2 protein chains.
Amino acid sequence: MPNGKLPNNLKITEDIIVKERIRIPKKEALYKTGDPFSSLYAIRSGSFKTLIEYSNGQSQITGFFYRDEVLGLDALNNKAHASYAIAMEDSEVCLLAVKDIEHMLEEFTEIREVMVGLVGTEISRSHNMILTLGSLNADQKLAMFLQDTAQKQETMGYSPNEFILRMRREDIGNYLGLTLETVSRLFSKFSKEGILTINNRNVHILNREKLLAIQKS
Amino acid sequence: MPNGKLPNNLKITEDIIVKERIRIPKKEALYKTGDPFSSLYAIRSGSFKTLIEYSNGQSQITGFFYRDEVLGLDALNNKAHASYAIAMEDSEVCLLAVKDIEHMLEEFTEIREVMVGLVGTEISRSHNMILTLGSLNADQKLAMFLQDTAQKQETMGYSPNEFILRMRREDIGNYLGLTLETVSRLFSKFSKEGILTINNRNVHILNREKLLAIQKS
DNA sequence: CGGGCGATTGATGCAATTCAAGGAGTGTGG
DNA sequence: CCACACTCCTTGAATTGCATCAATCGCCCG
């Protein structure tokens with residue numbers, strides 16, 4: 001499970017994991033800070049952003065999530081969500097209702113393994129984000145973001161070199177610790193350098209080597 | 001378990017958790033990137049920093065850890081450590097040898113609860129770090145760091161307002177995404193403003209209110 | 001007591017932000 | 001289906017927060 005995905009062969013009693021689907025319209029919240037930890041959520045279609053609110057009203061996006069990824073682990077700590085999950089487009093999720101997560105872990109080896117994988121993935125994802133925010137410059141950050149997005153596209157079975165961004169410039173900037181203007185300028189710069197073309201939110205990566213070079217510079 | 005601590009009442013068969021202590025001298029590694037996931041480590045005395053190495057040779061400190069905190073969760077993902085843990089002073093840790101972590105989880109409800117707590121704490125700690133790195137300015141970052149350190153001191157039963165920093169200015173800077181010079185200047189500035197006194201690594205916080213105000217500004 | 005690492009402080013530079021204006025795309029209601 | 005409004009994006013110019021470069025100081029520790 002390299003990317004926090006649930007395996008397809010997961011067949012669990014419905015009493016433990018309810019495969020109920022729910023629809024979340026664009027811009028609406030799947031969960032909010034303080035919501036009790038009642039479920040994990042596997043994305044079946046669409047995409048989400050997760051964000052933390054800071055006490056002065058600002059907020060920080062902590063991740064973008066796509067099909068087959070799992071949301072909600074931030075509530076493990078104290079049984080309440082510590083962040084918001086907002087749909088970036090009309091989306092569908094499967095509820096993995098956790099009536100009692102300890103109970104669930106007790107019963108099924110399969111679930112245990114899955115949970116350890118999911119949690120491990122989230123930890124390493126977060127550490128990677130700390131690395132990005134803490135030590136990369138703006139060019140490197142955006143290059144990293146694009147590589148990451150490309151890879152997620154590929155994982156979903158789409159072309160890694162041609163995709164639609166689901167979020168605004170402002171969100172990308174917030175996520176990377178930059179302003180929306182800087183993000184926009186970087187897209188223009190990368191475009192001039194022949195690394196990609198960008199029309200509104202349609203990205204076409206032309207030179208992945210160069211992107212990698214920037215990221216590692 | 002608000003802070004990733006192991007409860008004192010933890011009594012588990014030695015076959016599962018070996019309470020063996022090992023000593024790690026200052027500057028030496030408890031584990032390195034790539035080391036197989038053989039144990040978790042509970043700090044019994046001393047302190048550690050954890051860091052990720054970036055492909056170009058730079059590194060990013062992801063956390064500072066003190067007595068009763070647990071290290072090693074970064075290996076959950078793929079059974080190998082993704083970071084370094086380096087002792088900042090002569091330290092002692094208890095090995096929580098994980099011969100088979102799934103097996104361990106299977107046997108003991110207590111361990112399951114502890115693990116969920118530890119893992120949840122690490123996730124929320126990481127998210128908090130993303131928030132700090134992504135959206136705070138230099139003053140706010142250092143204020144946050146000092147508050148955090150003060151709180152950890154208090155948790156350990158020491159005065160939250162008077163403590164010794166175990167790391168160099170360079171490490172604080174690296175951790176916060178700043179240079180060592182900026183950190184030094186900020187200490188001087190805070191000192192001039194009567195927020196604290198600092199002599200070398202001895203910190204005395206004089207005005208915690210002001211520190212909080214900076215952090216939330 | 002001397003060597004060396006760590007910390008401070010100053011001068012300068014630059015990357016990214018801020019402020020500002022205009023343009024382009026999207027959706028909605030007439 | 002068009003017009004208007006609104007949100008999002010781009011680009012330029014000025015500003016600034018933090019980094020970089022550099023010199024000196026001072027505290028340990030052998």
Side-chain angles (χ1 to χ4, degrees), chain A residues 25-28 49 58 60-61 86-90 132-146 164-193 195-204 214-215 217, chain B residues 25-27 49 58 60-61 86 88-90 132-146 164-193 195-204 214-215 217:
Chain A
K26 185 173 176 175
K27 295 195 180 181
E28 291 205 357
K49 61 181 173 185
Q58 288 177 283
Q60 169 69 40
I61 292 173
I86 311 284
M88 295 194 293
E89 59 193 308
D90 290 347
T132 297
L133 288 169
S135 64
L136 302 189
N137 67 25
D139 295 60
Q140 291 172 313
K141 283 176 179 176
L142 191 66
M144 163 79 97
F145 169 76
L146 288 168
I164 299 169
L165 297 171
R166 297 301 173 183
M167 70 296 286
R168 313 179 293 181
R169 303 284 187 270
E170 190 179 355
D171 285 348
I172 299 173
N174 181 303
Y175 179 61
L176 297 175
L178 302 168
T179 58
L180 69 99
E181 293 96 330
T182 300
V183 172
S184 178
R185 276 184 247 274
L186 286 174
F187 274 130
S188 300
K189 183 178 155 196
F190 285 0
S191 179
K192 267 177 214 146
E193 290 171 351
I195 295 170
L196 49 76
T197 64
I198 178 153
N199 295 310
N200 208 16
R201 294 188 184 180
N202 300 286
V203 176
H204 193 171
I214 288 172
Q215 195 187 331
S217 61
Chain B
K26 186 174 176 174
K27 294 193 181 184
K49 61 181 173 185
Q58 290 176 283
Q60 169 70 39
I61 292 174
I86 310 285
M88 295 194 292
E89 58 193 309
D90 290 346
T132 297
L133 288 169
S135 64
L136 302 190
N137 67 25
D139 295 62
Q140 292 172 313
K141 282 176 179 175
L142 191 65
M144 163 80 96
F145 169 76
L146 288 167
I164 297 168
L165 297 171
R166 297 299 173 185
M167 70 296 285
R168 311 180 294 181
R169 300 286 187 271
E170 189 179 355
D171 284 348
I172 298 173
N174 181 302
Y175 178 60
L176 297 175
L178 303 168
T179 58
L180 69 98
E181 293 96 329
T182 298
V183 172
S184 179
R185 276 183 247 274
L186 287 174
F187 274 130
S188 301
K189 183 179 154 196
F190 285 0
S191 180
K192 268 177 214 147
E193 291 170 350
I195 295 170
L196 50 75
T197 64
I198 179 152
N199 294 308
N200 208 18
R201 294 188 184 181
N202 300 287
V203 176
H204 192 171
I214 289 171
Q215 194 187 330
S217 63

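No experiment lies behind these values; they were computed from the predicted model shown.
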For residues [X] and [Y], determine if any side-chain heavy atom of one lies less than 4.5 Å from a side-chain heavy atom of the other.
| X | Y | result |
| --- | --- | --- |
| A:Lys189 | A:Asp139 | yes |
| A:Phe145 | A:Leu186 | no |
| A:His204 | A:Leu196 | no |
| A:Ile195 | A:Leu146 | no |

Whole-Å distance separating the [atom1] atom of [X] from the [atom2] atom of [N]:
| X | N | atom1 | atom2 | value |
| --- | --- | --- | --- | --- |
| A:Leu186 | D:dT10 | CG | P | 11 Å |
| B:Phe187 | C:dA7 | CZ | P | 10 Å |
| A:Leu180 | C:dT17 | CG | C1' | 11 Å |
| A:Ile172 | D:dC9 | CD1 | C1' | 11 Å |
| A:Asn174 | C:dT17 | CG | P | 12 Å |
| A:Gln140 | C:dA15 | CD | P | 12 Å |
| B:Lys189 | C:dT9 | NZ | C1' | 16 Å |
| A:Met167 | D:dT7 | CE | C1' | 17 Å |

Legend entry - Residues in ring pair (Phe, Tyr, Trp, His ring centres under 6.0 Å) contact with B:Phe190, at least two apart in sequence or another chain: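 B:Phe190: no ring pair (Phe, Tyr, Trp, His ring centres under 6.0 Å) contacts found.
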
Inset, instruction - Summarise protein proximity over nucleotides 14-30 of chain D in one line of letters, 5' to 3': B for base, S for sugar-phosphate only, - for none, counting protein heavy atoms closer than 4.0 Å. - result: ----SSBB-----SS--

Would you tell me if any nitrogen or oxygen in the side chain of [X] comes within less than 4.0 Å of OP1 or OP2 on [N]?
| X | N | result |
| --- | --- | --- |
| B:Ser184 | C:dT9 | no |
| A:Arg168 | D:dC8 | yes |
| A:Arg201 | D:dC9 | yes |
| A:Arg169 | D:dC9 | yes |

Inset, instruction - List in chain and number order the residues that pass side-chain hydrogen bond (donor to acceptor under 3.5 Å, both in side chains) with A:Gln58, two or more places apart in sequence or in another chain; answer none if no residue qualifies. - result: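 For A:Gln58, the residues satisfying side-chain hydrogen bond (donor to acceptor under 3.5 Å, both in side chains) (neighbours in sequence not counted) are A:Asn56.
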
Legend entry - Distance-minimising heavy-atom pair for A:Met144 and A:Thr132: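 Here A:Met144 and A:Thr132 meet closest at CE-OG1, 3.1 Å.
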
Legend entry - Difference in axis direction between the ends of the helix from C:dC1-D:dG30 to C:dG30-D:dC1, five pairs, 10°: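 For the helix from C:dC1-D:dG30 to C:dG30-D:dC1, the axes at opposite ends meet at about 50°.
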
Between side-chain atoms of residues 176-184 of chain A and protein atoms elsewhere (two or more places apart, or another chain), which donor-acceptor pairs fall under 3.5 Å?
from, atom 1, to, atom 2, distance (Å)
A:Thr179, OG1, A:Thr182, N, 3.4
A:Thr179, OG1, A:Thr182, OG1, 3.0

Legend entry - Partners meeting side chain to side chain contact (heavy atoms under 4.5 Å, CB included) with B:Arg168 (sequence neighbours left out):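 B:Arg168 satisfies side chain to side chain contact (heavy atoms under 4.5 Å, CB included) with B:Glu170, B:Asp171, B:Arg201 once adjacent residues are dropped.
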
